[in-house]
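Below, chain A is the first sequence line, B the second, and so on; all start at residue 1. These numbers were taken from a predicted model, which means no experiment stands behind them.
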There are 2 protein chains.
Amino acid sequence: MQEKPEISNAEFEVLDVLWDDHPATSNDVVVRLNDKKDWHEKTVKTLLGRLVKKGVLGFEKQQRQYLYYPLIAREDYTKKETTNFVSRLFKGKIAPMVAGFANQNSLSKQDVSELKALIKEWEQKND
Amino acid sequence: MQEKPEISNAEFEVLDVLWDDHPATSNDVVVRLNDKKDWHEKTVKTLLGRLVKKGVLGFEKQQRQYLYYPLIAREDYTKKETTNFVSRLFKGKIAPMVAGFANQNSLSKQDVSELKALIKEWEQKND
DNA sequence: TATGTTTGATTACATTTGTAGTCGATATAT
DNA sequence: ATATATCGACTACAAATGTAATCAAACATA
């Protein structure tokens, strides 16, 4: 039905805490967001509602409250967004993006070994 | 002055062609965008104006027309956006983002060799 | 039971964004 | 010189977004 569930920045934050742990009541979400964001409870409720309307969240009633949960997987979302991002900003080429990142942030030894592992895996698959 | 020049998607397209080649008149931009986008000339002009107001573009008058040019470098912008993106979607870890990308798109042999080159460079610098 | 509390639903409202249209001044063509 | 095309400035306007407040129903409390 919904083609592209456009998720706004604020909505994303809400979705993010639900990805971390769900189902959760709106209040759970409010509480967990308090760490990161300084949002009014009403604001969070609004965002939850919008995400439901967009088909991004589902819920079940538990007595009078709702238990919310994501309808889309974090991995699916991040993969799609990443493809999009790389295509828009880097003409679809991943290496320049990594280069820019590495040049702006410091790569940890672990980052590098993870990247090497990825490459090794790729090479085993394609040769 | 302007803290974070929030650049919208549509605005980005305009900025993008100016990064490719500048300075350029509004009409140059309109023409070059015709390939990609199906935007009315007036729309493009509006976007140019908004980018100027946001401090993202500058211009010089050439007789009656303006010659626009970017005030921020593509590299600076993409680096910042990338850091942001990776931090939001991947808790700041680059490897998972590359993994997701690789898993969604096909990495070319060249992508891989570029990544390897990056890593080699990193290793030479940090050991 | 009367009252305050909590929940989701609905409404609010300024700002940003997408997507142009109008206007006044200038440049160009006849 | 006059009509017209063009340019940037300003205006328009609906949808999305950020950020809540209000309202009605259900609960909990005194």
Side-chain angles (χ1 to χ4, degrees), chain A residues 2-18 22-69 71 77 81 84 88, chain B residues 1-18 22-69 77 81 84 88:
Chain A
Q2 80 290 346
E3 295 310 321
K4 263 203 308 178
E6 279 303 333
I7 296 168
S8 80
N9 290 317
E11 286 160 8
F12 175 81
E13 298 294 334
V14 169
L15 177 53
D16 203 34
V17 314
L18 278 170
H22 58 265
T25 66
S26 64
N27 206 58
D28 292 339
V29 175
V30 167
V31 167
R32 289 203 253 143
L33 274 173
N34 266 343
D35 282 354
K36 309 254 124 203
K37 297 292 174 177
D38 192 33
W39 285 342
H40 195 283
E41 169 225 357
K42 296 302 188 180
T43 299
V44 177
K45 303 279 190 87
T46 296
L47 294 171
L48 283 167
R50 288 184 183 166
L51 286 168
V52 168
K53 182 173 307 171
K54 289 183 180 186
V56 173
L57 297 182
F59 63 84
E60 301 174 3
K61 293 185 209 191
Q62 180 199 42
Q63 59 184 51
R64 195 161 62 106
Q65 298 186 142
Y66 289 178
L67 289 181
Y68 295 92
Y69 50 87
L71 290 176
Y77 178 80
E81 288 301 301
N84 231 285
R88 285 169 47 81
Chain B
M1 286 303 114
Q2 79 292 345
E3 295 311 320
K4 263 204 306 179
E6 278 307 331
I7 296 168
S8 80
N9 290 317
E11 285 160 7
F12 175 80
E13 298 294 334
V14 169
L15 177 53
D16 203 34
V17 313
L18 278 170
H22 58 264
T25 66
S26 64
N27 204 59
D28 292 339
V29 175
V30 167
V31 167
R32 289 202 252 143
L33 273 172
N34 265 344
D35 284 353
K36 309 256 125 200
K37 298 291 175 176
D38 193 32
W39 286 342
H40 196 282
E41 171 225 356
K42 296 302 188 179
T43 300
V44 177
K45 304 279 190 89
T46 297
L47 295 172
L48 283 168
R50 289 183 182 168
L51 286 168
V52 168
K53 184 174 306 174
K54 289 183 179 186
V56 173
L57 297 184
F59 62 85
E60 301 174 4
K61 293 186 208 190
Q62 181 199 41
Q63 61 182 49
R64 194 161 62 109
Q65 297 185 142
Y66 289 178
L67 289 181
Y68 295 91
Y69 51 88
Y77 179 79
E81 288 301 300
N84 231 285
R88 285 168 48 81

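Contact annotation: A/Thr46 does not reach the phosphate of D/dG18 (side-chain N/O to OP1 or OP2, under 4.0 Å). For D/dT19, one of the phosphate oxygens OP1 or OP2 lies less than 4.0 angstrom from a side-chain nitrogen or oxygen of A/Trp39. Under 4.0 angstrom from either OP1 or OP2 of D/dC7 there lies no side-chain N or O belonging to B/Thr25. For the OP1/OP2 pair of C/dG8 and a distance below 4.0 Å, the side-chain nitrogens and oxygens of A/Lys45 include at least one atom meeting the criterion. Within the structure, a side-chain polar atom (N or O) of B/Lys54 is placed less than 4.0 Å from OP1 or OP2 of C/dT17.
Counting to the nearest Å, the P atom of D/dA20 and the NZ atom of A/Lys37 are 12 Å from each other. Spacing between atom CG of B/Leu67 and atom P of D/dG8 amounts to 10 Å, rounded to whole angstrom units. Atom CG of A/Asn9 and atom C1' of D/dT17 are 9 Å apart (whole Å). Rounding to whole angstrom units, CD of residue B/Gln63 and C1' of C/dT26 are separated by 10 Å. In this structure, the NZ atom of B/Lys53 is 13 Å from the C1' atom of C/dT17, given to the nearest Å. Atom CD of A/Glu41 and atom P of D/dA20 are 11 Å apart (whole Å). Spacing between atom OH of B/Tyr66 and atom C1' of C/dA25 amounts to 12 Å, rounded to whole angstrom units. Separating the NE2 atom of A/His40 from the P atom of D/dT22 is a distance of 10 Å, rounded to the nearest angstrom.
The shortest non-hydrogen separation linking B/His22 to B/Tyr68 is CB-O, 4.0 Å. The two residues B/Glu6 and B/Lys54 have their closest heavy-atom pair at O-NZ, 2.7 Å.
Applying the side chain to side chain contact (heavy atoms under 4.5 Å, CB included) test between A/Glu41 and each of A/Leu33, A/Val30, A/Asn34 identifies A/Val30 as the sole match.
Residue B/Arg32 holds its CZ atom at 10.0 Å from CG of B/Asp16, rounded to the nearest 0.5 Å. The OG atom of B/Ser8 sits 7.5 Å away from atom CG of B/Leu51, with the distance rounded to the nearest 0.5 Å.
Residue-to-nucleotide contacts include a donor-acceptor pair under 3.5 Å from the side chain of B/Arg64 to the base of D/dT6. For B/Arg50 against C/dT19, a side-chain-to-base donor-acceptor contact under 3.5 Å is present. The base of D/dA16 does not come close enough to the side chain of A/Ser8 for any donor and acceptor atom to sit less than 3.5 Å apart.
Out of D/dG8, C/dT17, D/dT19, the shortest distance to the side chain of A/Leu47 is found at D/dT19.
Both A/Lys42 and A/Ala10 lie close to DNA chain D; mapped to their nearest nucleotides by heavy-atom distance, the more 5′-ward contact belongs to A/Ala10.
Residue contacts shown for A/Thr43 include a base, since a base heavy atom lies under 4.0 Å away.
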